[in-house]
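Here the structure is laid out as structure tokens; the discussion comes afterwards.
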Amino acid sequence: WPYTSLMMPVPHQWLADPVGAASLLPGSPAPGSSSEATPEEAALLNFLDQAQEHESLIPSLNDTPLHEISPGVLLRFRGMVQDTFDPEFYLERYHVQLPDGTTVERSGRYRDALDVPEGASIIDQPDRLVYGSRTTALCVPLPGEAAWVKTAYQGDQGGRVAEATRKRTADSTDPAGRSGGQGLDCHPIEGDNGAPVLVKFYREPPHIMEGLEFFGVIAEHEDACGPDYNHVTRIHCIASRPLRFPQPVRAAPPSAALRAPLLVHLESVLGDTLAAQYLLLHLASRVHERVASNSVILGKLSLNLTRATPGMAARLHGVIADMLPRSTLLELSLENMNTLRLRPQQDPERGRLLAGLLQLAPGTALVLDETALAPGRLDQTGMSNLQALHALVQAQTVEFVLPYSSLVFNADVPVLVASEGRSMLPVDVHVPLQVSAQTSIPTLPPALLWQLRTYLHSLRSGVFAIPPPMTQIIEADFVRLRQESPSLSGQALHTMLAVARLFAITRGEPDLTEQTWRDTLALEAARLARLAAVDAET
């Protein structure tokens, strides 16, 4: 352990008394809110990185009943920021005069009340008082989180309970024993029922829809968020970090050799080799860059599987939910389109944000079942929802509807559409299904299943570059293709590059090779030929 001074926190202090551990850090934080990590956050994250064996001792509000968590101990919560509130001011640093006349400096961070011993008093002088601001955000358990992820995180705790987190006695008071949230309408996906949490941030809060793991302590007092939130648990956030894969797969190195068995599995599900290739590329896609004022979104690859039969979308979602950490299925029936709220909407009377189904954390796979859409009329709500889906598929944005305006937030939600004909949405790639074998959903051995999950997870962080020699080859091929097919659009050429990038990443290639580029052209030629054949039939 790197901390050796007696005046520095040691592991059991971070676990049992994180606020006290933070007070042992040398130096004083800069006053006010900051976008940079606080000294306490940096030290706590360092502790978590250096002593990962202690993580199983940190209770999670996702899995542990609130009454089983002792006051003041370090806890964690993984969730998505659903709404934020106006900043509140608090006394960040102050000086206290003790009964013996000595003066000590205190910190108001991560506390509900000022630390003033009996007989002592706060020195009410402007140069002895420093005010700061903190922001509260409403965070919900990650929408669409897969059952295997929840199980893995619960197993990560291992059933071990540290002395610092032992269950309180039944007759002890628990002013923070409020895990409600019923009636808040804050869960984007119907059926998700985990309790939301109000998280207090001492620096710039994360963006809305961002998914993170928070570490902090329970707040014991209510604040000014409004009466709707009186029974919602509050957390003082000491540190936060990006979501990590569950413990069982962190040590499993991904390998490009897993591409072949994954393709075999997807082909068994679809009965179509070409569609399986594109489904794999779709599962590997993510938004990695936005250029030209958000007009070009690099990395996304929305996919439309046409000639789909009723029930196929649900079957595909089941397969995807077994592979990816977060996903959801939406049937685009006339009733759903005309009644569901896809965009988040501000409730002006109650001053809170009503969740929309498209308010999803980055990396959440969205499967749309267009086969459920029957002839009929879309009303105003239905047209608004169609526009919301259009914006998500084309620009990866979600509009938040306010009383007199709207705000647009960037998203990263891979969209897969199953439909009979071409989708009404502007997807990147259409692949008509051509089932040549009997379909099934094979049961994978647990070890292989975890390896495939790890492999898919690694693809989203894969690096990619186009070497200068390949740039010349691509440009020459583009010129040739335009000469052969003058109607070939610039968007089609952009799609080829997106497919080539994902093709290389799934093969474990950080740089695009000429062989992968040639394979990309062959793959796209096969898809376009199939599309032409289907169009000729109709």
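Note that the coordinates shown come from a computational prediction; the quantities given were computed from them, not determined experimentally.
- Remark: Leu198 CG to Thr136 OG1 distance equals 6.5 Å, nearest 0.5 Å.
- For the residue pair Thr273 and Glu267, the shortest heavy atom distance occurs at OG1-OE2, 2.6 Å.
- A distance of 3.5 Å separates CD in Glu40 from OH in Tyr110, rounded to the nearest 0.5 Å.
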Under 3.5 Å, which donor-acceptor pairs do the side chains of residues 414-429 form with other protein atoms, sequence neighbours left out?
residue: Ser419; atom: OG; partner: Asn304; partner atom: ND2; Å: 2.9
residue: Ser419; atom: OG; partner: Gly421; partner atom: O; Å: 2.5
residue: Arg422; atom: NH2; partner: Asp535; partner atom: OD2; Å: 3.2
residue: Ser423; atom: OG; partner: Glu370; partner atom: OE1; Å: 2.7
residue: Ser423; atom: OG; partner: Leu425; partner atom: N; Å: 3.0
residue: Asp428; atom: OD1; partner: Lys300; partner atom: NZ; Å: 2.9
residue: Asp428; atom: OD2; partner: Lys300; partner atom: NZ; Å: 3.0
residue: Asp428; atom: OD2; partner: Ser302; partner atom: N; Å: 2.8
residue: Asp428; atom: OD2; partner: Ser302; partner atom: OG; Å: 3.0

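- A 4.5 Å side-chain heavy-atom check between Asp63 and Arg78 finds at least one atom pair inside the cut-off.
- For CD of Glu335, the number of neighbouring non-hydrogen atoms (other residues, nucleotides, ligands) closer than 6.0 Å is 12 at most.
- Taking both residues in full, the closest heavy atoms of Ala308 and Thr371 are given as O-CG2, 3.8 Å, listed atom of the first, atom of the second, then distance.
- Side-chain contact between Leu66 and Thr233 is present, with at least one heavy-atom pair separated by less than 4.5 Å.
- Here the closest non-hydrogen pair linking Ala313 and Val367 is O-CG1, 3.8 Å.
- Rounded to the nearest 0.5 Å, atoms CG (Leu280) and NE2 (His282) are 10.5 Å apart.
- When all heavy atoms of Leu433 and Arg530 are compared, the pair lying nearest together is C-NH1, 4.1 Å.
- For the pair Asp412 and Arg460, the salt-bridge criterion is met [side-chain N within less than 4.0 Å of a carboxylate O].
- Side-chain N or O atoms of Glu145 include none that pairs as donor or acceptor with a backbone N or O of Pro325 at under 3.5 Å.
- Looking at Ser60, Pro141, Ser240 one by one, the single match for side-chain contact (heavy atoms from CB on, under 4.5 Å) with Phe77 turns out to be Pro141.
- Atom CD of Glu349 is surrounded by 12 or fewer heavy atoms from other residues, nucleotides or ligands within 6.0 Å.
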Start with the C-alpha distance between Thr381 and Leu340, add both sets of side-chain angles, then the distance that settles side-chain contact (heavy atoms from CB on, under 4.5 Å), and finish with yes or no.
CA-CA 8 Å; Thr381 299; Leu340 293 179; over 6 Å; no

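- A donor-acceptor contact shorter than 3.5 Å is absent between the side chain of Arg203 and the backbone of Phe201.
- Here the side chains of Val398 and Gln359 are not in contact, with every heavy-atom distance at 4.5 Å or above.
- A distance-only check finds a donor-acceptor pair linking the side chain of Ser461 to the backbone of Ser458 [under 3.5 Å].
- When atom types are taken as modelled, the side chain of Arg259 and the backbone of Tyr455 share no donor-acceptor pair closer than 3.5 angstrom.
- In this structure, Leu61 and Ile235 have side chains that are in contact, with non-hydrogen atoms separated by less than 4.5 Å.
- Arg134 places no side-chain N or O within 3.5 Å of a backbone atom of Glu88 that could act as its donor or acceptor partner.
- Under a cut-off of 6.0 angstrom, the local environment of NE2 in His494 is crowded, with over 12 non-hydrogen atoms contributed by other residues, nucleotides or ligands.
- The stretch residues 406-431 participates, sequence neighbours left out, in these ring-ring contact (aromatic ring centres under 6.0 Å, His included) pairs: Phe400-Phe409.
- Atom CG of residue Asp369 and atom CG of residue Leu330 lie 8.5 Å apart, to the nearest 0.5 angstrom.
- Taken to the nearest 0.5 Å, the CG atom of Leu373 stands 8.0 Å off from the OG atom of Ser333.
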I'd like to know whether Leu523 forms a side-chain contact (heavy atoms from CB on, under 4.5 Å) with Leu281, so could you lay out the CA-CA distance, the side-chain angles of the two residues, the decisive distance to 0.1 Å, and finally the verdict.
CA-CA 12 Å; Leu523 190 69; Leu281 301 182; 4.1 Å; yes

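- Side chain of His236 to backbone of Lys200: no donor-acceptor contact under 3.5 angstrom is found.
- The stretch residues 276-287 participates, sequence neighbours left out, in no salt bridge (charged side-chain N to carboxylate O under 4.0 Å, His left out) pair at all.
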Steps toward side-chain contact (heavy atoms from CB on, under 4.5 Å) verdict (Leu449, Arg453):
CA-CA 6 Å; Leu449 181 57; Arg453 291 167 177 167; 3.2 Å; yes

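- A distance-only check finds no donor-acceptor pair linking the side chain of Glu399 to the backbone of Arg343 [under 3.5 Å].
- A distance-only check finds no donor-acceptor pair linking the side chain of Asp185 to the backbone of Leu354 [under 3.5 Å].
- Residues Arg307 and Asp272 are not paired through a salt bridge, judged by the lack of any N-O separation under 4.0 Å between the basic side chain and the carboxylate.
- Note that the OG atom of Ser327 and the CG atom of Asp322 stand 9.5 Å from one another [nearest 0.5 Å].
- Using a 4.5 Å heavy-atom threshold, the side chains of Arg352 and Leu138 count as separate.
- Using a 4.5 Å cut-off on side-chain heavy atoms (C-beta onward), Arg501 and Leu301 make no contact.
- Nearest heavy-atom pair across Leu360 and Met80 is C-SD, 3.7 Å.
- Counting heavy atoms from C-beta outward, Thr506 and Leu262 have side chains that stay 4.5 Å or more apart.
- Looking only at distances, no side-chain donor or acceptor of Ser384 sits under 3.5 Å from a matching main-chain atom of Gln380.
- Here the closest heavy-atom approach between residue Ala152 and residue Trp450 is recorded as CB-CH2, 3.9 Å.
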Could you walk me through whether Leu448 and Leu258 pass the side-chain contact (heavy atoms from CB on, under 4.5 Å) check?
CA-CA 9 Å; Leu448 176 59; Leu258 292 166; 4.3 Å; yes

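- Inter-residue side-chain proximity for His207 and Val81 is flagged as unmet; no heavy-atom pair is nearer than 4.5 Å.
- At least one donor-acceptor pair under 3.5 Å links the side chain of Arg326 to the backbone N or O of Pro362.
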